[in-house]
Each structure stands twice: as C-alpha cells, then as structure tokens.
Undergrad: 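Provided herewith is a single structure, encoded as structure tokens, for subsequent inquiry.
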Amino acid sequence: MMLKNTRIEVPLKARSARVIRIMDLSPTLRRVRLQGPELEGFGFHPLAPEAHVKLFFPHTPDDLRMPEVLEDGSADWQGAAEGRFSPFRDYTIRAFDEQQLTLDIDFVLHDEGVGGPWAKQAKIGDILGIFGPRSVKLPPTNASNYVFFVDETSLPAFARWLEVLPNEARIDAWIEVANADSEIPLYHGDNVKLNWLYRDSGGGQLYGALLYHALETLPILSLSDATWLWAATEAHVIAKMKRRLMSLNSLINPAHLDLVAYWKTVS
C-alpha cells in the first residue's frame, strides 16, 4: 500500500492582523487570536494539519517590515540576513474562521528567541505580520494506523491532525512536555491512545530523550507497510530518530515516514 502527501500551492500574500484574544491552554502554551480585514481570502485548508505561516514581530506597530511578493508569485527575501525585515518565525495555523476573519496561533512560552518572549507579554491590540502559507500539505487519511512523536512545538499541528483524520483512525501518539501541568485537552476519535511523557520525571530528562526512548521501545506490531509515522521535534532528535527508523525499513515503508525538524538547539 502506497501512502503519500499531496501538496497544494497557495498564492502568497503579506497581511497584518491585531490581537483580539489571549488564552492560556497550559502554563507553557498560550493561544493568541488575530483578526483583521486583510485575512479575507486567507489560504487556510481544513485538511492540512501542518499548514503554517511566517509571523513577523514588529518592534513598534508602525515598523512592520515584510518581503514584497514579486510578479511571479515568489517573495523577495533579499536583505533578510541583514535585518531588512521584522523578526519572523514559522507557526502552525491552529484555526481559521473565514466568517469572523480570525486566525488562532498557539505559542510555546519561553524566554529565548522571538515568538515565545513576544507571546509572554502580548496584549490586546498588538499587531503581527502574516506571510503565507505558500503551500499546504494534505496527508493520507487511509493508512491502517498512525504513529506520532510530538513535543510542545508540534502539539498545535498534532491537535490539527486529530481533527483531520477520520474518527475511526487508529492512532498511537507519544507527547513529550515539561510536566503534567503542560497537558492540554485533545479531542479525538475512539481508537486513539495518547501517551504523555514528562521531562520532570525521574529527576529530569534531556529534551527529546523520552521521545527517542518511546521510539526505541515501540512495539513491532505498531508498524506495517500501511503505517504512517509523523514525528516533529528538535532537529538533532529527528536525525537520531531517522537513523533508528531506517534500520526498521523491513517493518515500515520509508516513504511513509514524515519526520520534521521544528526547531534546533544552539550548541
């Protein structure tokens, strides 16, 4: 059985929107709702769980700087490395309401980088730039079963996966978070098993160690040539997972592995 993603191109457009609601899902995950007339025609696809945009974080409301969209539909990124644009990062589209023109984005709260610190101090009325999506990826919905390895950064996309897949889909997921307080409610079908892993257990665990251990001890019966496996976490952990999974290519079709580096530790 051959399974594959289907990619759909979306016309690129630069937009802006303002914060109208802030809601804490857990001590480590905050949802920000954006709204604005420029979200008319936004390229959201309800069957694309990993669809993302580039969010631009201006230092002041009148200093939002984003790339221009060229005549051929591509973006002019010249000067990005020199700071020509407002700081930007990729974020999953958690939800979009085309009637209310609202866009929901979930942020992991932390003190490093761009998006996390911004979200910690975000307030109603703040403005963000929104660039994209450029394309969206529709996953297969007819696999015999699905296996997921997720951390806080990919939790919003995983929540979208649970909404996209059929109610009867067989799903096993391992979700690594800081502690039990970082769990969030996830709505899912009847054949879903969620395994929450806490880094503060056993005296503290390195980031990604619990996810990799879950992969190492994954029951053989969880894999077949009709299994779809999605993992999204730190880049070095993803590379290690890929090496492990390549050694199991007699149990799972390598074409059915979707491994995504969502972020990278700075050594």
Undergrad: Show the nearest heavy-atom pair for residues G43 and V10, with the distance to one decimal.
TA: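 What the structure gives for the nearest pair is CA-CG1, 3.8 Å.
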Undergrad: Before accepting this row, confirm whether a basic side-chain N of the pair E9/R134 lies closer than 4.0 Å to the acidic partner's carboxylate O.
TA: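 A salt bridge links E9 with R134.
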Undergrad: Rounded at 0.5 Å granularity, tell me how far NE2 in H52 sits from CD1 in I105.
TA: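 One finds 11.0 Å between NE2 of H52 and CD1 of I105.
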Undergrad: Quick one: does any side-chain atom of T141 pair with a main-chain N or O of L165 as donor and acceptor, under 3.5 Å?
TA: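 Such a contact is absent between T141 side chain and L165 backbone.
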Undergrad: Hey, could you give me the CG/OG distance between L210 and S201, rounded to the nearest 0.5 Å?
TA: 5.5 Å
Undergrad: I'd like to know whether K54 forms a salt bridge (Lys or Arg N to Asp or Glu O under 4.0 Å) with D90, so could you lay out the CA-CA distance, the side-chain angles of the two residues, the decisive distance to 0.1 Å, and finally the verdict.
TA: CA-CA 4 Å; K54 290 189 185 302; D90 287 353; 2.8 Å; yes
Undergrad: Would a distance-only check, ignoring hydrogens and angles, find a side-chain to backbone donor-acceptor pair under 3.5 Å from R65 to R84?
TA: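 Yes: the side chain of R65 pairs with the backbone of R84.
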Undergrad: Could you tell me whether the side chain of I220 reaches within less than 4.5 Å of the side chain of L251, counting heavy atoms only?
TA: yes
Undergrad: Is it true that K137 and D258 have a side-chain N and a carboxylate O under 4.0 angstrom from each other?
TA: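 Yes, this pair counts.
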Undergrad: Would you confirm whether S16, through its side chain, and I127, through its main-chain N or O, come within 3.5 Å as a donor-acceptor pair?
TA: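 No; judged by distance alone, with no hydrogens or angles, the pair does not exist.
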Undergrad: For P46, does its backbone N or O pair with a side-chain atom of R160 as donor and acceptor, under 3.5 Å?
TA: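 A pair under 3.5 Å: yes.
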Undergrad: Would you give the length of the straight line joining atom OG1 of T60 to atom CG of D62, rounded to the nearest 0.5 angstrom?
TA: 4.0 Å
Undergrad: Under a 4.0 Å N-O cut-off, is there an ion pair linking R94 with E163?
TA: yes
Undergrad: Between T102 and R33, does any side-chain donor sit less than 3.5 Å from a side-chain acceptor?
TA: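 T102 vs R33: no donor-acceptor pair found between side chains.
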Undergrad: Looking at V150, is its backbone amide N or carbonyl O close enough to the side chain of S154 to form a donor-acceptor pair, meaning the two atoms are under 3.5 Å apart?
TA: no
Undergrad: Over 60° means perpendicular and under 30° means parallel, so tell me whether W161 and F148 are parallel, tilted or perpendicular.
TA: perpendicular
Undergrad: Charged N to carboxylate O under 4.0 angstrom, R21 versus D104?
TA: no
Undergrad: Look up atom CG in L211 and atom CD in E176, then write down how far apart they are to the nearest 0.5 Å.
TA: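 Spacing of CG (L211) from CD (E176) equals 4.5 Å.
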Undergrad: Will you find, in the side chains of D151 and W263, an N or O donor that is under 3.5 Å from an N or O acceptor?
TA: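 There is such a pair between these side chains.
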Undergrad: Please tell me if the side chains of L257 and M246 come closer than 4.5 Å, counting only heavy atoms from C-beta onward.
TA: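 Side-chain contact under 4.5 Å: yes.
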Undergrad: Does the side chain of E234 come under 3.5 Å of the side chain of H236 through a donor N or O and an acceptor N or O?
TA: yes
Undergrad: Please lay out, stage by stage, how L101 and Q99 fare under the test side chain to side chain contact (heavy atoms under 4.5 Å, CB included).
TA: CA-CA 6 Å; L101 297 181; Q99 302 300 320; over 6 Å; no
Undergrad: Could you check whether W230 and E50, counting side-chain N and O atoms only, form a donor-acceptor pair closer than 3.5 Å?
TA: yes
Undergrad: Are the side chains of S74 and V69 in contact, using a 4.5 Å heavy-atom criterion?
TA: no
Undergrad: Taking the six-membered ring of Y212 as reference, does the cationic atom of K240 (NZ for Lys, CZ for Arg) lie under 6.0 Å from its centre and within 45° of its axis?
TA: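 That pair qualifies as a cation-pi contact.
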Undergrad: I'd like to know whether CD of E112 has more than 12 heavy-atom contacts from other residues, nucleotides or ligands below 6.0 angstrom.
TA: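 No.
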Undergrad: F149 versus M241: any side-chain heavy-atom pair under 4.5 Å?
TA: yes
Undergrad: When the ring planes of F85 and F56 are compared, do they come out parallel, tilted or perpendicular, using 30° and 60° as the limits?
TA: perpendicular
Undergrad: Kindly give the heavy-atom pair with the smallest separation between P117 and V114, and that separation in Å.
TA: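 Heavy atoms only, the tightest pair is CD-O, 3.5 Å.
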Undergrad: Determine whether more than 12 heavy atoms belonging to other residues, nucleotides or ligands lie under 6.0 Å from atom CD of Q121.
TA: yes
Undergrad: Might you point out which heavy atoms bring G125 and R18 nearest each other, and give the distance in Å?
TA: O-NH1, 2.8 Å
Undergrad: Which atom pair, heavy atoms only, marks the closest approach of L109 to G116?
TA: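 Minimum heavy-atom contact is CD2-O, 4.3 Å.
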Undergrad: What I want to check is whether the side chains of N145 and T227 have a donor and an acceptor closer together than 3.5 Å.
TA: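 Per modelled atom types, N145 and T227 side chains form a pair under 3.5 Å.
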Undergrad: Before we go on, tell me: are the rings of F107 and Y91 under 6.0 Å apart, centre to centre?
TA: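 F107 vs Y91: aromatic centres under 6.0 Å.
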Undergrad: Kindly indicate whether the side chain of N179, heavy atoms from C-beta on, has any atom under 4.5 Å from the side chain of W196.
TA: no
Undergrad: Do the non-hydrogen side-chain atoms of V177 and T28 ever get within less than 4.5 Å of each other?
TA: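 No, their side chains stay 4.5 Å or more apart.
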Undergrad: Counting distance only, does the side-chain N/O of H256 pair as donor-acceptor with the main-chain N or O of K4 below 3.5 Å?
TA: no
Undergrad: Locate the shortest heavy-atom distance separating F57 from F88; write the atom from each residue and the value.
TA: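 Closest heavy-atom pair between F57 and F88: CD1-CA, 4.3 Å.
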Undergrad: Is it true that atom NE2 of H213 has more than 12 heavy atoms of other residues, nucleotides or ligands lying nearer than 6.0 Å?
TA: no
Undergrad: What pair of heavy atoms forms the shortest contact from L39 to F96, and how long is it?
TA: O-CZ, 3.5 Å
Undergrad: Is there a side-chain contact between T153 and T233 in this structure, where contact means two heavy atoms from C-beta onward sitting under 4.5 Å apart?
TA: no
Undergrad: Looking at R30 and D24, is any side-chain nitrogen of the basic one under 4.0 Å from a carboxylate oxygen of the acidic one?
TA: yes
Undergrad: With rounding to the nearest 0.5 Å, note down the distance linking NZ in K13 to CD in E38.
TA: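 K13 atom NZ to E38 atom CD measures 7.0 Å (nearest 0.5 Å).
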Undergrad: State whether a side-chain donor-acceptor pair under 3.5 Å links S26 with S182.
TA: no
Undergrad: Between E152 and Y207, is any side-chain donor less than 3.5 angstrom from a side-chain acceptor?
TA: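 Result is yes, a qualifying pair exists.
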Undergrad: List the steps and the verdict of side chain to side chain contact (heavy atoms under 4.5 Å, CB included) for L197 and I175.
TA: CA-CA 6 Å; L197 310 172; I175 309 165; over 6 Å; no
Undergrad: Roughly how far, to the nearest 0.5 Å, is the CD1 atom of I252 from the OG atom of S224?
TA: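 With rounding to 0.5 Å, OG (S224) is 7.5 Å from CD1 (I252).
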Undergrad: Would V260 and I238 satisfy side chain to side chain contact (heavy atoms under 4.5 Å, CB included), going step by step from the backbone distance to the final call?
TA: CA-CA 7 Å; V260 190; I238 286 293; 5.7 Å; no
Undergrad: Are any of the side-chain heavy atoms of H45 and L138 separated by less than 4.5 Å?
TA: yes
Undergrad: Given ring-ring contact (aromatic ring centres under 6.0 Å, His included), test F158 with W174 step by step and report yes or no.
TA: CA-CA 11 Å; F158 175 61; W174 286 264; over 10 Å; no
Undergrad: Could you walk me through whether T92 and D106 pass the side chain to side chain contact (heavy atoms under 4.5 Å, CB included) check?
TA: CA-CA 8 Å; T92 298; D106 293 350; over 6 Å; no
